[in-house]
Amino acid sequence: MLEHVGVQILLFVSVTLLVGVTLRHMLKRVAIPYTVALLIVGILFGLVYRFDHSNMPALYNQTVQLVANIDPHLILFLFLPTLIFESAYAIQTHLFKRTFSQIALLAVPGLILCTSITAVFVKYVFPWDWSWPVCFMFGALISATDPVAVVALLKELSSRKRLETLIEGESLLNDGTAIVLFTLFYSMLSANHAADITALEVIGDFTWVVSFGFLIGLAGGWLMILWLGKIFNDPLIEITSSIATAYLVFYIAEGVFHVSGVVAVVTLGVLLAAQGRTRISAEVKHFLHQFWELMAYLANTLIFVLVGIIVAVKIRLNDPQAWLMLTILYLAVLVIRGVSIVSLSPILKHIGIGITKDKSLVLIWGGLRGAVALALALSVVQSDHIAQTIGEQILFLTAGIVVLTIVINGGTIRLLLEKLGLNKLPEAKQKTVDKAELHIQLSLQREIEKLRKDENFEAADWSIILQHEHINKLITEEEIDHLTKDEHELTVAYKRRILEAEKRFYWQQFDQGMLSIKAVQILNEAVEHALDGEPSIYPRKEIYLEPIDDSNFELTFYIAHSFIQAQKSNWRHLSDLEAPKHIYQLIAQELEQNIEQMQHYLHAINQFEPERVKQIQTLLATRVLLNKRRHKITDLAEQGVLEPAESEKLLADIDEQIHKLALG
């Protein structure tokens, strides 16, 4: 019974996840990336089996052997849809659009350049006399980056959203490019007419595979959006639909049409992150993000341990020449990555969001290799069209590069970020955080005075309480003066924070049913335009609407009404951020100009057709009160005043009414 394959799989998953959570807890105070630690644990599991299996339980040996012999296609089909969809769905679509030209340049011409240079290097440096198709196939699989550790560290250490988006976006697309190129060169090896295949045919096949993968992802995304539009506030249906669609799109692309499943899932994820946001129920959005974060965490935990076991069990360790070639290849891979980035830098600097020397260094050093490269190498070993000796050499080199880049590059990326100063917020942005902290501390000090007079705390030892660094953090005049320097950068940082808050305000309005789909899209695009380059609070030409007529009456009213409310909300945020007086006055004046200009327009709307305005305002007020009722029911349920069954029934009734009043 215990030796059954299903039990072995269950044992591997359970033990790996327990090891993962233990490591994650232990590493909270240690500067070692989680994925690096997982890989090392996987290697240790594999080495124990390899060199001491006679002393290990039979179940352990059978489980490790089962994992080591996993079908490489299963790795791609099981893990890739989850990892790719989560990254694509979580990506900030505005930044993705802004950086897309750079991402595409790095992921297509950049990867092709890396593949070509690697192929030439392998052909003339390695002593094994591989054919050109083998060299190019190896160049493609070894060039796919997997910067999980880098992106995780950027999220942990600083809010470098642009750099995160650039690195993650490149990884998403270059995985697709690498798999497509690998497949093309692999098919050349397996075809009898390989020598007759021309460069034009390769380009044509590449274009077809990527384009049709994009169309499959687009079709799957729009079908899901149409389906979600018919569902209201049902987390089980909406989340299950996202899982099924991600895996089906990948399978249909890869398994049925033999085109790029990666491109298909990236397209699906980005489309749902952009257009799907207006179809997914408000109460489900946060849950959906958390669910996919959990899925990605589980997939990464399993896949890095799995990679470690495969590397430790499968590769040959007794070939000195192969070890020498691995060392040379590791250095060459870094140099080739550097050549690619440096060669493209003149263009990268002038498109998208631009790029600095420091960020280029992070791109070069952060080009880790991972599960995609290893899965492709494993498929080579199992191929009948490639000599066994060549397959073993490719697997050894690929596994070695995966381990070296994850352990060395991934393990030292924190030091590089610290050295370049990218482990912290930009100075101006940090100052806005410091000013907000000042506001928090001043509020806390007023609260301390109230508590000291409260008879319920008269026995408290305030000398101990005030020693706590987060309760009685003294802020000196010098610190306050420091926060008011570099006026231009500081003004830009405050404007960005205000505009980001305004964008969130519009989505909250949409979630509460106060904005239609079209209205929130227009307002959101206007804010994103205002965030491009030098942020602009006033004027907002994208929001100043066309002359009022019957065809756009309701849309213009919703936009004008919500825009005014957003500017008033911005004013409150500006006060909360404790902006320096001169910056406060500058931004407040621009907010006031926005309000005045839109109030004139709203007055014209009211004069144009007062009865319709009355109907719209009645609808909005009804929706506000229904939302208030919903929040009150939720509060009572959380306090235990209402039983779960009672609150669910009341909420279902409210949701039905809210759905009927949906603005479209």
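Below, all heavy atoms of this structure are taken into account, side chains as well, without hydrogens, waters or symmetry copies. Since we're looking at a predicted model, the values are computed, not measured.
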Minimum side-chain heavy-atom gap K285-D511 below 4.5 Å: yes
Ring centroid separation Y297 to Y34 under 6.0 Å: yes
Y538 and its side chain to side chain donor-acceptor pair (under 3.5 Å) partner, picked from E590, Q597, Q589: Q597
side-chain hydrogen bond (donor to acceptor under 3.5 Å, both in side chains) between E293 and H289, worked out: CA-CA 6 Å; E293 282 179 9; H289 274 288; 5.5 Å; no
Derivation of the side-chain hydrogen bond (donor to acceptor under 3.5 Å, both in side chains) call for Q567 and N594: CA-CA 7 Å; Q567 304 314 297; N594 278 338; 3.2 Å; yes
Rounded distance (nearest 0.5 Å) linking atom OG of S171 with atom CG of L83: 9.5 Å
Check: T278 and W507 side chains under 4.5 Å, non-hydrogen atoms: yes
Closest heavy-atom pair and its distance - A273, Y89: CB-O, 3.4 Å
N524 and E528: CA distance, side-chain angles, deciding distance, side-chain contact (heavy atoms from CB on, under 4.5 Å) verdict: CA-CA 6 Å; N524 187 58; E528 289 176 347; 3.3 Å; yes
Distance flag, aromatic centroids of F96 and F100, threshold under 6.0 Å: yes
Stepwise side-chain contact (heavy atoms from CB on, under 4.5 Å) check, F563 with F505: CA-CA 10 Å; F563 182 71; F505 177 86; over 6 Å; no
Lys/Arg-Asp/Glu bridge criterion (N-O < 4.0 Å) met for D454, K450: no
Nearest-0.5 Å distance, NE2 of residue H631 to CD1 of residue I633: 11.0 Å
Gap separating the CZ atom of R497 from the OH atom of Y494, nearest 0.5 angstrom: 8.5 Å
Worked verdict on E170 versus Q102 for side-chain hydrogen bond (donor to acceptor under 3.5 Å, both in side chains): CA-CA 8 Å; E170 183 207 357; Q102 293 172 299; over 6 Å; no
T267 side chain near V263 side chain, heavy-atom distance below 4.5 Å: yes
CZ on R162 to OG1 on T165, rounded to 0.5 Å: 9.5 Å
Heavy-atom check, side chain of Y584 versus side chain of S575, under 4.5 Å: yes
Distance, nearest 0.5 Å, that separates CD of Q639 from OG1 of T634: 11.0 Å
Closest non-hydrogen atom pair, E502 against N570: OE1-ND2, 2.9 Å
Distance, nearest 0.5 Å, that separates CZ of R452 from CH2 of W462: 6.5 Å
Validation row: T82, W292 side chains within 4.5 angstrom (heavy atoms): yes
Considering all heavy atoms, the nearest L172-S87 contact: CD2-CB, 3.7 Å
Heavy-atom pair with the smallest gap, counting every atom of V249 and V265: CG1-N, 4.1 Å
Check against side-chain contact (heavy atoms from CB on, under 4.5 Å), R279 and I517: CA-CA 9 Å; R279 296 297 194 278; I517 292 174; 3.0 Å; yes
Nearest non-hydrogen partners of S241 and T245, listed with the distance: O-OG1, 2.6 Å
Derivation and outcome, side-chain contact (heavy atoms from CB on, under 4.5 Å), residues V624 and M514: CA-CA 8 Å; V624 168; M514 310 297 288; 3.3 Å; yes
For I616 against Y558, the heavy-atom pair lying closest together: CG2-CE2, 3.5 Å
Residue R496 excluded, over 12 heavy atoms near CZ under 6.0 Å: yes
